[in-house]
Each structure stands twice: as C-alpha cells, then as structure tokens.
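The next block holds one structure in the form of structure tokens; read it before the comments.
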Amino acid sequence: MIAPFELVRAGSLAEALELLESDPEAHVLAGGTALVLLMKQGLLRPSRLIDIGGLAELRGIRMNGDLRIGALTTHLEAERSALVRRHCPALASCFGTVATVRIRAQGTVGGNLAHADPAQDPPPMLVALGAVAVLESGAGRREVPMEDLFVDVFETSIGPGELLREIVVPPLAEGARATYVKFLPRTEDDYATVSVGAVLRVDADGRCADVRVALGSVGPTPVRARRVESALRGERVTPARLREAAMLVREEVDPIADARGSAAYKREMAGVWTERALRALLP
Amino acid sequence: MPAERLLSDLLRDDLGLTGTKIGCGVGVCGACTVLVDDVPVTSCLLLAAQAEGRSIRTIEGIADGDRLTALQRAFITEGGFQCGICTPGQIVSATALLERSAHPAEGEIRDWMKGNLCRCTGYYGILRAVRAAAEASA
C-alpha cells in the first residue's frame, strides 16, 4: 500500500520549477516506474509529488549538431528514434536493452538518470559518449557532464529546486565507434552482472587516437575506466594490448556481492567484458 | 480518487475489470499489462492519475463482443496458455506488438514478449500463437 500523498500537476516547466522551489522536499514524478515502486515498497514516503509527465516541452528528440533528448522522452521512443539510430546506433540499442518493453514505454530517459540506480543501462553508455545533463532551476540553467551527475547509489548532483531538462550527446568523432554490452547470466530482463559502454577511435596507423570506457553494476555509480583508457591512448591496439589494458579495470571497479555474483567474480567479469567491448570496436 | 490509487487497483476494485491480473506487483511479470494510448504499460506501477485523459484498453476491450481476435483464437489453437493467469497480459502485449508491426521478425516478437512471464507453457505455445496471428493477417 502506498502512503497517502498530495499530487500536484505542473502545467508548464516554469510552474514545475516554482513548485520545486517552494517545496524542496517534494519528489518529481515522470514515468513513475522507479518512484512508484519505491513508494509501494515503503522505501520512500513523499508528502507531495510534482507530476511533470504532461510537459510537452521536456519531451522529444532533436539534432543541432549534438543530439538532444528531452528528459521526458521514453526509452521506447529513444530506442526507436531514427535520429538516435543515425547519430549513434549503440545508444539506440542501449536504450533498447532497458528492462522490458512495458518499462521502456513508461519510464523516461531523464527519470532513469535522476533515479541513479547503478545497475541501469544508459548511464555507463552516456558517460562513455561524453554526454551532458542540462539542469534547469529558477536561477537558470547549468550543464553537468554525465559522469559528474552520479554521486552515489540513488544520489545525483541535481540540486534542490533543479530539474533535469534534457541530455546532450555530442557526435562521435570521425572514425570512432561505440558499443554497449551487458552480461546477463540469469535472465534476459535481469539487471546486469556487469555492463560496459565504450567508444574507440583507431587512426590509420592502427594506434588508439581516443578511447572512453565506463562500466555499470560494479560500483555505486558508473565507473569510468581511466586506467584502461590511459593504457591504450596513443598505443598500437593489438588484441594482446587490448586484453592487457582491459584487465586493468579490475582494480578500478568496486562491486558488491549479490545474487548476480560475488564481488571477486564481478571484478573478473568486468575485465572480460571490457575486453569484449573493446575488441568489438577494432576496425 | 486518492492520489495513491494505482491504475491496476482502479481497474480491478473500482471498475470491476478483473481481467487485468496482479502477479508480482513490482513491474516484472507483465500480468497487469494494459494499453495506455496503444502502448503497453505496467498498470501496477502507474498511478491512476497518470492515465487521466488518456485512452486505456484492458483485456476486456480486446475482443469485439463475443468475436475473438485472430490473436486470441491463435492462443487457443496453438496452446498458448494453461492456467491462464498470465494470459490477459500476454494477449494485451502481443496485441500492441501486432498493431505496431503487422509482421514482426522472430527477434522482435521475442524481445517484445520477454516482459510477460509464464510459468506453465514454456513459452513455445505463446510464440507460436503470436506468429500464427501475424501470418493470419497476411
């Protein structure tokens, strides 16, 4: 049973920001798949929800050099969007691996990020792509790199009175390739044991011109694999070198033991799946 | 209506539309699937207020009176159910799939339907039924 609360519907973005400012304890309702579940389980008992679900200005996908995804765009819309598929097929397929079609149809891209569940799919992919979160408040707008958005489990750097408005995904550099892979040893709709978002650009000499790797489910936030990246940048990317670099990720992740594996197992799998992700990106 | 009313409770308890089932209650099993503006959602995780002003279709609204749809007939002929508790959710989900994509590829069917759990059939009958319904509309 959900404890009683007051539901206030915002008719515009400005009104939503006013409501947020006047009641910093209020929670924001978008698709509700995560929030309503937490409330059903008694883990969250907000006295007031601000329903932003009807705000058309926060919905939709557009291109202006960068790909801009409105926070209220559903995962299903993002997954099927011709713009997203053209801009970055790996991102479209990443959205398509979130939970099940019903959750994708209801849950929003922004809600997923604001929820900051470390086992979610889009965060590591968006970190690897160098995406930016656009936050809006009564005081104005600020942009936060995706990797700085996540502070801890279920905790973000979205401040009181701020609303996640959209995410901005820059285009891949010429010749760069991206992928998202996840390891699901139990069922297809489970949370990942480990997931990897990666972007790799190899120049004409076979050297790594640029690389970005981020992992999900193996730490309190998405984990940027900086040691892996610096071991590869500027180096000739042979399969042996890739493997050696990928294994460095085992010292960067901080997994917990759960039904999806022991901490030691997840650490090992982080190395294996980082290598697989990078190998898939070799020209 | 209280703000905390879930769509699944509104349908079952207030409107008596008990075809929509409650299984897991946490958004995993798919027994409570209904269509909101033709898109399948988890009605046990949707506040009824979120559906205000939108079109809701439940299992009760799939058949035309006593005339079953090709999909419903295929569930019977292909053995797409045993105990029946997941069946409304399976039919509602598959109906949305076939409305979007009249001839879905095998991978599309499996991906779309993976959110509807069944403990009896082993799924093969369900997949056969969806394929048969798609072929019947060819």
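Convention: sequence-line order gives letters A, B, ...; per-chain numbering from 1. The basis for the numbers below is simple: all heavy atoms, side chains too, and nothing from hydrogens, waters or symmetry mates.
To the nearest 0.5 Å, atoms OG1 (Thr33(A)) and CG (Leu46(B)) are separated by 9.5 Å. Annotation: the span from Leu45(B) atom CG to Met39(A) atom CE amounts to 11.5 Å, rounded to 0.5 Å.
The minimum heavy-atom distance linking Pro40(B) with Ala105(A) is given by the pair O-CB, 3.4 Å. Residues Thr100(A) and Gly115(B) share a closest heavy-atom pair of CG2-CA, 3.4 Å.
Heavy atoms of Leu6(B) lying under 4.5 Å from chain A belong exclusively to its side chain. At a 4.5 Å heavy-atom cutoff, Asp9(B) makes no contact with chain A through either its backbone or its side chain. In this structure, the portion of Val39(B) lying under 4.5 Å from any heavy atom of chain A is its side chain and not its backbone. Contact of Arg110(B) with chain A is not made at all, since no heavy-atom distance falls under 4.5 Å. With a 4.5 angstrom heavy-atom cutoff, Leu29(A) touches chain B only via side-chain atoms. Residue contact with chain A, scored on non-hydrogen atoms closer than 4.5 Å, is absent for Val36(B). Proximity to chain B (any heavy atom under 4.5 Å) is restricted, for Ala3(A), to the backbone atoms N, CA, C and O.
Inter-residue side-chain proximity for Leu37(A) and Val26(B) is flagged as met; some heavy-atom pair is nearer than 4.5 Å. In this structure, Ile103(A) and Thr42(B) have side chains that are in contact, with non-hydrogen atoms separated by less than 4.5 Å. Taking 4.5 Å as the limit, some side-chain heavy atom of Leu47(B) sits within range of a side-chain heavy atom of Leu49(A). The shortest side-chain heavy-atom distance between Arg100(B) and Arg80(A) falls under the 4.5 Å cut-off. Within the 4.5 Å cutoff, side-chain heavy atoms of Thr33(B) are placed close to those of Arg102(A).
For CD of Glu106(B), the number of neighbouring non-hydrogen atoms (other residues, nucleotides, ligands) closer than 6.0 Å is greater than 12. Counting non-hydrogen atoms of neighbouring residues, nucleotides and ligands closer than 6.0 angstrom, the CZ atom of Arg45(A) reaches no more than 12 such neighbours.
When each of Asn116(B), Val41(B), Asp111(B), Leu97(B) is checked for heavy-atom pairs under 4.5 Å with chain A, Val41(B) comes out on top.
Formation of a donor-acceptor pair under 3.5 Å by the Glu4(B) side chain with backbone atoms of Met1(A) is not found in this model. Of the possible polar contacts, one joining the Lys40(A) side chain to the Cys44(B) backbone as a donor-acceptor pair under 3.5 Å is found.
The interface of residues 50-65 of chain B with chain A, defined by heavy-atom distances below 4.5 Å, comprises Gln50(B), Glu52(B).
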